[in-house]
There are 2 protein chains.
Amino acid sequence: MTAEPRSLHERIIAEIGARIVSGEWAPGHRIPFEHELTEQYACSRMTVNKALSQLAQSGLIERRRRLGSFVRRPRSEAAVLDIHDIKAEIAALGLPYRYELISRQVRKAAKTDDFASVAGLVELTCRHFAGNAPFCFEERLISLETVPQAADEPFLEGTPGGWLLDHVPWSAAEHAIRARNADRKMAEALAIAPGTACLVVERRTWSADQLPITRVRLTYVGDGHAVVAHFSPNGA
Amino acid sequence: MTAEPRSLHERIIAEIGARIVSGEWAPGHRIPFEHELTEQYACSRMTVNKALSQLAQSGLIERRRRLGSFVRRPRSEAAVLDIHDIKAEIAALGLPYRYELISRQVRKAAKTDDFASVAGLVELTCRHFAGNAPFCFEERLISLETVPQAADEPFLEGTPGGWLLDHVPWSAAEHAIRARNADRKMAEALAIAPGTACLVVERRTWSADQLPITRVRLTYVGDGHAVVAHFSPNGA
DNA sequence: TTGACTAATATGTATATACATATCGAAGAA
DNA sequence: TTCTTCGATATGTATATACATATTAGTCAA
């Protein structure tokens, strides 16, 4: 699972963590006090403290003054979601990747956009191809308030996503993943039958000062795409 | 964003973290050496070391002996995915929740299951209702090798997911999320038109010793369900 | 009985110190 | 030149120590 721990505090983390994920120490169980672990491992309290602090930071245990440290009950259900770069995703299949800009316009934000930007925005639509077949349809809004340099960028070469990653630091994102039947326009764009189930991944990204950067809706062809997430309770 | 830091090492973490997520210190940027920060904050190296170690643990920076500490470039794209408990999800909408077991059988594992279990398995199908409308169709396999007590559990009261959470510790999970058109059988079970786009969440769970515990496929009614994920570069 | 104070206790934070370890760069040897 | 050695440097780990702080349990007085 994890690499063999070589330092003492890492060994303590590994051994306590193993008892927790194995269920030997169930949620709510009080793990030994620092001074007990100090004795058990024949080390200083600082070393034990470092180990327990890290276990607390990773969410496996909860520490309470005077009471001790306790195994936390599992969080709602959290998983690390990997949404791969579209280009890398297609390359992994051994298919040639191609990007095509369909439209680009600069305009004012409308209420229906649900995307506030006083300085206006850039609206892009484009397609991503795997080989000759369209793979993903992208509809994107970029805030000119947060990213004024987008007004001068033609977006003919690289993908808008890649350009933004290179030019704009971001601090928060939200993804929503839905299933939707392809309407006539989408079916045409993706060269599929109308009504085919599509996976719609919508992502919003914010800057450090909470201003919206971009909102993108990626529509993937039906069964051709899966979002995969891995999870372990200790967040490893 | 974060709560006001009250201790010194938390303040150091917050200030360095802010410069990173704001883009002031771009990926690859070398942050000040420990001894420089020691001077800057007028504190001991251990305090600075604690702060930088935590920043490294959370993935914001990378530390290299002799070279210093550097801002990490953003990982592929990872997000914390919250897949809510079905019951809580429906309760949040203010609708009454109901669970219905459709079938339960104990059988040997077949090759087509793609789910190894020498001791056989329990196969369950059930439905989750929001009010009077079916909300989610569940198809589950439970390994009797890892969870022998499942053979004696009727699963008439609580949901299989809840029962497993209460009885079996697990250490790893994998989710795959797809879009799929409802076939005739699924359309009937969910009381929707055949062909409607459904969100299919498939989850596999393993025990601490890497043995499979359960594999569940949850099929949600089309637009009625979205999986939402939040993400920030520092994992906060 | 109630309430306020107090002692005990476990964790939280910070310091000074020591030695280990990885690595770069420069000096010196082949 | 090329290879080796070695010193300098920044981080990694661990210790002993000190005081702060939150919380519980117990004591004692109104």
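Protein chains get the first letters and strands the later ones, always in sequence-line order, with residue 1 at the start of each.
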Output yes when A:E100 and A:R127 qualify as a salt bridge under the 4.0 Å nitrogen-oxygen rule, no when they do not. yes
Within 45° of the axis and under 6.0 Å from the centre of the six-membered ring of B:F129, does NZ or CZ of B:R98 qualify? yes
Gap between atoms CD and C1', on B:Q54 and D:dT13 respectively (whole Å): 16 Å
From CZ of B:F70 over to P of C:dC24, roughly how many Å is that when rounded to an integer? 10 Å
Tabulate atom names and distances for all N/O pairs under 3.5 angstrom spanning the protein and nucleotides 9-12 of chain C.
residue	atom	partner	partner atom	Å
C:dT11	OP2	A:E34	N	3.1
C:dT11	O2	A:R65	NE	3.4
C:dG12	OP2	A:R63	NH1	2.4
C:dG12	O4'	A:R65	NH2	2.6
C:dG12	O6	A:R45	NH2	2.8

Atom-to-atom span, CD of B:E36 to C1' of D:dA10 - whole angstrom: 11 Å
Between A:R204 and A:T214, is any side-chain donor less than 3.5 angstrom from a side-chain acceptor? no
Would you tell me whether A:E15 and A:Y41 have side-chain atoms, one donor and one acceptor, within less than 3.5 Å of each other? yes
Does a donor on one side chain sit under 3.5 Å from an acceptor on the other, for B:R63 and B:S69? yes
Parallel under 30°, tilted from 30 to 60°, perpendicular over 60°: which one fits the rings of A:H128 and A:Y99? tilted
Rounded to whole Å, please give me the gap between CE in B:M46 and P in D:dA16. 14 Å
Is the shortest side-chain N/O distance from B:T47 to OP1 or OP2 of C:dT15 below 4.0 Å? yes
Would you kindly give the CZ-to-P distance between B:R30 and C:dC24, to the nearest whole Å? 14 Å
